[in-house]
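All values below come from the heavy atoms of this structure, side chains included, with hydrogens, waters and symmetry mates left out. Here is how names work: the chains are called A, B, and so on, in the same order as the sequence lines, proteins then strands, and each is numbered from 1. Predicted, not measured: the structure shown is a model, and the values here were computed from it.
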Amino acid sequence: MITNKDKSKVRPPKDSMTLLPCFYFVELPIVASSIVSLYFLELTDIFRPAQGGFQCHDRALSMPYVESNEELIPLLMLLSLAFAAPAASIMVGEGVLYCIQSKLKGRSSSEGSINAGGCNFNSFLRRTVRFVGVHVFGLCATALVTDVIQLATGYHAPFFLTVCKPNYTRLGTSCASNPYITQDICTGNDQHAILSARKTFPSQHATLSAFAAVYISMYFNSIISDSTKLLKPLLVFSFSFAAGVCGLTQITQYRSHPVDVYSGFLIGAGIAAYLAYHAVGNFHSSTEETSISPPTKDPLQALTQRGHESVYHQNKSLSTDELTPRPRSQESQRQVPREKNSLGSLKRASVDVDLLAPRSPMGKENMVTFSNTLPRVSTPSMEDPARRHMTIHVPTEGSRTRSTGPEWKPKPIEGRTLTLGEEVALAQAHRRALSETSGIILDDPEPDRVPPSLYPTVQARTGGPRVVIQPRPAAPPLLHIPEENQGGSPKGSSAIRAKWMMMAEKGGAPRASANAPRLMQVIALSKQQQQQQANVLGASTPKHSETSSSSTTSSSDSSQYRSPSDRDSSSIVTIDAHAPHHPVVHLSSNNGPWEWKSGQKTGEIQEGVGYDISKDYRGFRTPKGAGVSPGSSISDLEPDPEPRYGPTVNVAGGVPTPIVAEVVSVSSSREASLRRKPQSIDRDGSDEGEEPFYKKLQNQRFKE
Amino acid sequence: MALETNTHRSYSIIPCFIFVELVIMAGTVLLSYYFECTDTFQVHIQGFFCQDGNLMKPYPGTEDESFISPLVLYCVLAATPTAIIFIGEVTTYFIKSTRENLIVQEKMILTGECCYLNPLFRRIIRFIGVFAFGLFATDIFVNAGQVVTGNLTPYFLTVCKPNYTASDCLIYHQFINSANICTGDPEVIEKARRSFPSKHAALSIYSALYATMYITSTIKTKSSRLAKPVLCLGTLCCAFLTGLNRVSEYRNHCVDVIGGFILGTAIALFLGLCVVHNFKGLYGAQCKPKPEDPRGVPLMAFPRVESPLETLSAQNHSSSMTEVT
């Protein structure tokens, strides 16, 4: 039986040097030796059965003797049947299978042919030889096992006393007094019959027939498909029926006790089951090793696929012109520096970036999540370079903010105007940074070092990523906020809150109530627009960019949008590097308060309402989630980061001139909404605050 | 879920059904008919020992006088699983939650131009058909066993009324092999030669086990914990008692009943596990692990929820970061 294990393992795939030698020098000797030993056991008298005793006049041993030639199923017939019937059906089955498989090319289950010794062994030949060979070996093994047990036990057949014709007088004692007889008192002439009468447990017929039936039944069970329900049981039943009859005739012809037959059935079935499961692998193809491995990857694969599909889906929803820009966007990133002066090109570039960006988070997710485990995954996400950069954006951003954070705290008041805008972003980023284990972070304070790491950041940040992102991709960073929140943000946010409270008390609060209805309208309107946006998403992105650019005012030449392009050129990168810390501070010191005032008016109004809205928003958001199509939802949620960052970038743009002031004033409303955010955060103390904030932003944008 | 996704076009199902399943079924029924109602297969004439105490039990009368008469038994064991399967399938189909699952598993099959075979129909046909096939197969097995072995029933010597004068029954271990020693009613004697395995036991345990397997694998109710066990064990108990009744009425030896139990159990298990695959759908195994198509689901259905995907990706941000840096 050990050999059979080898047998199954011996078949390596493809070109094989070991196939034939293994077959000749391992399989064949084993089968041959088993046959030879079977011959000695079965047909010679070398091994004598154990001498067992019997009782006087035992009825169970007094059955009539059926001559060997009168047997219903002689041993030779049994052997040939047990060999021929399964072998023939295996050949037929394999032939049919081979034909079917060759018709349906590309079936993974089919075994490849093997070249060995100049001969080509195709799957049909190999499988047939393997299965029939194992069957032959199994028959020999079963017969061997049966013979050994028979010889070892030496139980008497039911006809023993009939052929033995014991001479009870030779005992010396009467049968009544000493009923158990161990001496050999046989007087029968037929020595062969007496010998065979000593070999009964287990029944040879039963073991052999049971082995053949179970083996072939398992073959059928694994080969025949489920498309016909009754063919399999028919074949299985007919074979087991034949085996059963074969065994039962032994009983009816008094050649074996019923116990012998039943135990013979069990032994044969056990051997067959063992061989079928472990020697031929339940009749599946021997290339299981490879086929088994994929399933282990399956869950991950499914996951990635899901991610891919969602990306796909999203892209589709983003409409057609989304697809074309992508290459252009990369291109544009390089080209734009030259065209910097032309606003249109910038805009387009920004749009492109926007378009590009949405994927990036997704791509990032895909790549990040699975690139380590599954090489396959990386193929679909082809725009690697861009994507790689994108990947970093969150951490770097966070790092930046963190580095800036300390600077901010000391001078909260001057920075107020921008602070609120900025700090919102900062707080978010901060939290995010915390959520991500940030490795790069602390380097950033030095601007010189920044460029390499910053470059991606900015690019990602350009607002693109969030602009079109799906809710899902966007979610992860946000989701983590609550947990990691405790770290540093509370301080900053609390400071902000204090500031904000003061502001609100001054002006905003009273007006809020008056404006509230209007804002609700706005929300409703925005809702509609969102719907529209969903339809015209391709258009929406540009529009979106326009709105943002308009917010920055044309005069400011949308520094925000220049920034992405700038980043590509290393020279400007430095500016961006500065963006978080210095310029902001700069600006705030320059024109902070007064700017703020002007902006605040509007901002305050919004703000006060925003307070209410944030409550409404909660109710508002859920229906949207349910009702609005994915595309629209994307557009809804994403846009905020861009505007949010917008002001920051403006500041970062290093244009601390009046232009910036304008920018601020124009975008004040937005900033106001931005401001609201920390507040909401404070209130909720959770990520949820951000969503209303986004909402608000959007509403405002639409209002604009 | 559009119709197309659940529809599977197959032109081979009807011919396959007619030319394979029905032919096999017809052959089985015919064979069991020959076994049951004709004397095409002559019972093997089994000998016996003089005055064998095991064969001298009182004659309990014809089969119809039994406590469990064959007609009642056959009707009950054929009807019970059929009814259970029918009711179970219809219920499964009309309960909405299970129906979705069912349709995903099973698919609608479109044959030719017009014929829709819906899952309900297919499952009922399949399960009941396999059950019927198994019933006839069990019957054939039992009859074959009886005919081949020709074991004698416990009341054989009572109805046989052997004429011992014909042979010398002087010795204790005298084995009488001649067929014409009996003087009783040949018809009853012919019946008395059929004993192993017990038909009642095999058929009843087969049908009970099949029904039990169906109930176990199909009915998934959380509300009642005891209904299923009670139903299953009750059915099995009835089958068991039927077998015991045979022994207590001296109609079968204990060995016959045990053999019948084993035979019926083996057939039911084989059919239930290997043929109908524990009453799961045809495509159940392949379909289940597949997650639902993300395209089909509105993405906003999960707005910012902690989906495993997201947490995974979020966690991997950090790893990506380290990677790039």
To the nearest 0.5 angstrom, please state how far the CG atom of L234(A) sits from the CE atom of M25(B).
-> 11.5 Å

Return the minimal non-hydrogen interatomic distance between T252(A) and Q46(B), and the atom names on each side.
-> O-OE1, 3.7 Å

Would you mind telling me which of D52(B), V255(B), T28(B) has the largest number of heavy-atom pairs within less than 4.5 Å of chain A?
-> D52(B)

Whatever's closer than 4.5 Å to a heavy atom in chain A on F196(B) counts as side chain

Give the intermediate values and the outcome of side-chain contact (heavy atoms from CB on, under 4.5 Å) for residues S62(A) and F49(B).
-> CA-CA 9 Å; S62(A) 310; F49(B) 287 102; 4.2 Å; yes

Closest contact, heavy atoms only, P233(A) versus F133(B) | CB-CE2, 3.3 Å

Contacts of A60(A) that satisfy side chain to side chain contact (heavy atoms under 4.5 Å, CB included) - sequence neighbours left out = D58(A), H257(A)

Are the side chains of Y262(A) and I262(B) in touch, meaning some heavy atoms are under 4.5 Å apart?
-> no

May I ask you to check whether over 12 heavy atoms, not counting those of F41(B), lie within 6.0 Å of atom CZ?
-> yes

F127(B) versus K229(A): any side-chain heavy-atom pair under 4.5 Å?
-> no

For Y254(A) and G47(B), work out which heavy atoms get closest and say how close.
-> OH-N, 3.2 Å

For E21(B) and L230(A), the nearest pair of non-hydrogen atoms, with its separation, is OE1-N, 3.0 Å

Enumerate by number any residue of residues 136-153 of chain B whose heavy atoms lie under 4.5 Å from heavy atoms of chain A; in the absence of such residues, state 'none'.
-> A137(B), I140(B), F141(B), A144(B), G145(B), V148(B), T149(B)

